[in-house]
Amino acid sequence: MNKTLRFLAVPTLALGALALSGSPALAADHSYQSTLGQINGSSASGTVTVDVTGNQAHAVLKVSGLAATFMDAPYPHVQHIHGGAQGACPAPSADKDGDGVISTTEGAPGYGGIVTTLSTSGDTSPAAGLDLKVAGQGASYTVDRTFEVNAETKAALEAGTAVVVVHGLDPATLSAAGQAAKSDLVPSLPLAATSPALCGTLKAGQMTMPVGGAETGITAGTAGPDAGALALGGGLVLAAAVGGAYVVRRRSARSAA
Ligand SMILES: [Cu+2]
């Protein structure tokens, strides 16, 4: 066993013992979190956590200070996990058409397309992405959902490219050109209705089991799933094909070393 493998073996065994000790409160395999940043002159704030256990995700999104009303009703804020791009929130330079508003489309090179809709009820797939009936309502609210996480979202979380975007601006805060423009997503709506107000990249949090690190030359992104699969393999069933394949790959890498 070379030095690198010894380093890896210790935490792996320790994690296996933890898994076998049978804590009744099953901890999430992976936990992600973000403090949301303001976009497009919004004065809102927010936090989001996403805990993934097997194929289940538990997302808690808390926001405040968003646009409160739209046509005398609570303002509907569509909100999503985006993914598959750079995992980045857009800089002001993303406003390519110069209307003073970074539209959802203009921000997409940074955060990608919708992979999960953080709806208030029902469908959490991208198909529900523009359904105002299940959008967040008003200036401040909490959305607490548990749902089956799809492959695109899981991949984005693990790759660090998952970005939470809360849409919907107060038109009064926009430039004249921005106020007059139509939404790039739903042309019957004003641009303000669908443009990003809050944005944050989901980062692996404290719940993620740390193995390796800079010293071993193994990045956190690849070490995390491996550790989880190995720990759970001791007693709990991790049915995910992804986890299984990962362990097999890692073992063949070891036997080759
Ligand atoms: Cu979105």
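Read the numbers this way: they start at 1 and go in the same order the structure lists the ligands and their atoms.
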**Q.** All pairs passing ring-ring contact (aromatic ring centres under 6.0 Å, His included) where residues 90-122 contributes a residue, at least two apart
**A.** H82-Y111

Q | Reported CG-to-CG distance for the pair D184 and L189, which is rounded to 0.5 angstrom | A |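 Separation between the atoms: 10.5 Å.
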
Q. Protein N, O or S atoms less than 2.8 Å from the Cu ion (ligand 1), ignoring waters?
A. H80 ND1, H82 NE2, H167 NE2

Q. Does the side chain of Y141 reach to within under 4.5 Å of the side chain of T120, using non-hydrogen atoms?
A.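 Side chain of Y141 against side chain of T120, heavy atoms only: no contact under 4.5 Å found.
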
Q | Heavy-atom side-chain contact between S119 and R145 under 4.5 Å | A | yes

Q) Are V149 and V164 co-members of a hydrophobic cluster defined by side-chain heavy atoms under 4.5 Å apart? A)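 Shared cluster, yes.
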
(Q) By the definition side chain to side chain contact (heavy atoms under 4.5 Å, CB included), identify the one residue from T117, V166, T124 that meets it with H80. (A) T117

